Amino acid sequence: MPLEVLQRAAAEMTNWHDASGNPSGMGVMEMSHRGKAFGSIVQQAEVCLRRLLAVPEAFHILFMQGGGLGQNASVPMNLCGPDFGKPAVDFVITGSWSQKSFQEAAKYGAPHIAASAQESGFHHIPEPGSWQLSPGARYVHICSNETIHGVEFHTLPDLRALGSDAPLIVDFSSHVASRTVDWSRVGLAFAGAQKNLGPAGLTLVVVRDDLLGAALDICPNAFNFKNIADNASLFNTPPTYGIYMAGLVFDWLERLGGITAIEARNIEKSALLYQTIDSSGLYFNPVQPSCRSRMNVPFFLHEPALESAFLQGAEQAGLLQLRGHKSVGGLRASIYNAMPLEGVQALVAFMRSFERTRA
Ligand SMILES: *Cc1c(COP(=O)(O)O)cnc(C)c1O
C-alpha cells in the first residue's frame, strides 16, 4: 500500500469527508452500502479506474468478492451456459496460477491445454502462433503475470489474428494497474485487489457487455456477473472498505501521473533489479528476458547454501518478505506499484554488498 493512502485512511478512519471536505460523522466501515456517502465512494472508484485504465464504455467494471481463485470458478460458471453439456475452454499454461485456473474449470467446462510452458520449467511463454486453439472454444484463458514464476505477457495475444473469435480471459491479479491494457484484445479481465489495488477481500472484474447473460443455472446469484453489472456492484453488500481503499489508490495513481507514469517507474525499478542479477556472479534469474515480470522478480543463488544468510542479512537491513514461493524456492522480490524506486535501490545495494562479502 502507498504510505500516503494509509495515512489518509487513518486520518478519516472515524469520520469520512466528501470531496468538498464535508464530514459525514462516521467512518466508511460504519456506513450503509446503500447510503448516499458510500454511493459516491463506489461511483468515484469506478469512474477513476475507468479513466486510469482507459476502460472502454462497452465494458462493465464490477467490484466483487471471492478473490482470484473465486474467479477461477466464477468465470466458467458465467461463460459456459446454458447447460447443454460442457463447452471447450482453452488454457495457456505459463505457471502455477494458470495451472490452477485450468484445474478448476473442469467442473464447468471441458478445459483444453492450448499451450504449456511446463517443459521449460515455466521460464518462457509459448509463441502465440503455436497455440492449439479449439474451434468454437467458449474462451481462451491466460494469466498475464505469473506471480510465482515471474513470467509476464508484455503484449496481450491477438486472438483474431490467430483465427479465433473466442474472447480472451485475463487473470491480471498481480500486475493490474502497473501498465496499460489493450482492451481491444480482451473479453474479460479479473484481479484480486491485494497485490496492486488495495486490501485483500476485494476482487475486480472488467467484462465486455456481450459476455453477460451466458451463466450456468448453478451459478450463485451473488457471483452472476449480470446481476452485479445490473446493480452497479451493489447486488449484495460489496467489500465496502476495500472499495474505499482502492479508490484512494486510484486517486494516488492519478496524482502520480496515471498509468503511463507508473509504468515508466515500474520499468525503471525492474530494469535496475534484473541488471543487478544478470551482472552478478552470485545471483541468477532463469526466465527468458522477453517475458520477465516487472512486478515479481524471482532470483536464485548459485550457492543455495547462502540463502538463509542472505535472508537474515536482508532482514537486518529492513528488507522484508524476500523468500521465494515455497513451490519454487529461492528468493523473490515483489515490487508492486507501491514499492518506490528507493526500495529497489536499497535491495540492490544490499545484494551487491552481500555478494562482495560472500564471494
Ligand atoms: C495472488 C493471485 C491470485 C489470488 O488469488 P486469491 O484467491 O485472491 O488469493 C490469483 N491469480 C494470480 C495471478 C495471483 O497472483
Side-chain angles (χ1 to χ4, degrees), residues 49-50 52-61 68 71-72 75-76 78-80 87-95 97-99 101-102 105 109 111-118 120 122-147 149-191 204-212 214 225 259-260 263-264 266-267 287-295:
L49 181 65
R50 191 178 288 281
L52 260 180
L53 283 184
V55 179
E57 284 304 319
F59 287 77
H60 299 271
I61 291 177
Q71 289 305 319
N72 285 347
V75 168
N78 273 279
L79 303 186
C80 287
V89 285
D90 280 345
F91 285 80
V92 177
I93 314 284
T94 50
W97 290 107
S98 43
Q99 184 80 46
S101 304
F102 168 75
H112 161 251
I113 298 181
S116 169
Q118 188 150 26
S120 77
F122 299 119
H123 296 153
H124 81 293
I125 292 177
E127 190 49 47
S130 73
W131 297 358
Q132 306 284 311
L133 300 172
S134 315
R138 204 56 76 86
Y139 61 82
V140 178
H141 176 114
I142 64 168
C143 174
S144 52
N145 185 63
E146 287 282 359
T147 321
H149 291 88
V151 173
E152 180 169 6
F153 280 81
H154 290 286
T155 19
L156 292 175
D158 180 356
L159 294 184
R160 264 171 314 226
L162 300 173
S164 166
D165 295 328
L168 181 70
I169 309 302
V170 184
D171 175 359
F172 65 167
S173 293
S174 52
H175 72 165
V176 54
S178 72
R179 60 185 308 146
T180 56
V181 176
D182 181 352
W183 293 103
S184 72
R185 296 184 173 186
V186 176
L188 180 152
F190 69 82
L204 171 70
V205 176
V206 183
V207 55
R208 213 173 56 208
D209 191 59
D210 63 290
L211 298 179
L212 299 180
F225 297 149
I259 293 298
T260 48
E263 183 166 0
N266 289 329
I267 290 171
V287 178
Q288 242 179 38
S290 61
C291 55
R292 284 176 167 178
S293 170
R294 292 174 185 161
M295 294 281 103

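The structure presented is a predicted model; accordingly, all values stated were derived computationally and were not measured.
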Using 0.5 Å steps for rounding, measure from the SG atom of C143 to the CD1 atom of I93. 10.0 Å

Are the side chain of S293 and the backbone of N145 linked by a donor-acceptor contact shorter than 3.5 Å? no

Considering all heavy atoms, the nearest H124-P126 contact: CD2-N, 3.8 Å

Just verifying a value: how many Å separate D182 CG and T155 OG1, rounded to the nearest 0.5 Å? 9.5 Å

If you count every heavy atom of other residues, nucleotides or ligands that lies below 6.0 Å from Q118 atom CD, does the total exceed 12? no

All side-chain hydrogen bond (donor to acceptor under 3.5 Å, both in side chains) counterparts of S98, not counting sequence neighbours: E146

Can a donor-acceptor pair be found, under 3.5 Å and without considering hydrogens, that links the side chain of R50 to the backbone of F59? yes

If you measure from SG on C80 to CZ on R138, what distance do you get to the nearest 0.5 Å? 6.0 Å

If I compare all heavy atoms of H154 with all of R292, which pair ends up nearest, and what's the gap? NE2-O, 2.7 Å

Name every donor-acceptor pair, under 3.5 Å, that has one atom in a side chain of residues 159-166 and the other anywhere in the protein, sequence neighbours excluded.
{"unit_1": "R160", "atom_1": "NH2", "unit_2": "S184", "atom_2": "O", "d": "2.9"}
{"unit_1": "S164", "atom_1": "OG", "unit_2": "A166", "atom_2": "N", "d": "3.1"}

Using a 3.5 Å distance criterion without hydrogens, assess whether the side chain of H123 forms a donor-acceptor pair with backbone atoms of A117. no

Measure the acute angle between the ring planes of Y139 and H141, then classify it against the limits of 30° and 60° as parallel, tilted or perpendicular. tilted

Could you state the interatomic distance from CD (E57) to CG (D209), rounded to the nearest 0.5 Å? 11.0 Å

Classify the side-chain pair H149/T94 by whether it contains a donor and acceptor separated by less than 3.5 Å. no

F153: ring pair (Phe, Tyr, Trp, His ring centres under 6.0 Å) partners, not counting sequence neighbours: none

Which heavy atom in S173 sits nearest to a heavy atom in V176, and how many Å separate them? O-CG1, 3.8 Å

Sub-3.5 Å donor-acceptor pair from the side chain of D90 to the main-chain atoms of A114, do we have one? no

Minimum heavy-atom distance between L53 and W183, given as atom pair plus value: O-NE1, 2.9 Å

If only atom types and distance count, is the side chain of R294 paired as donor or acceptor with the main-chain N or O of E263 below 3.5 Å? no

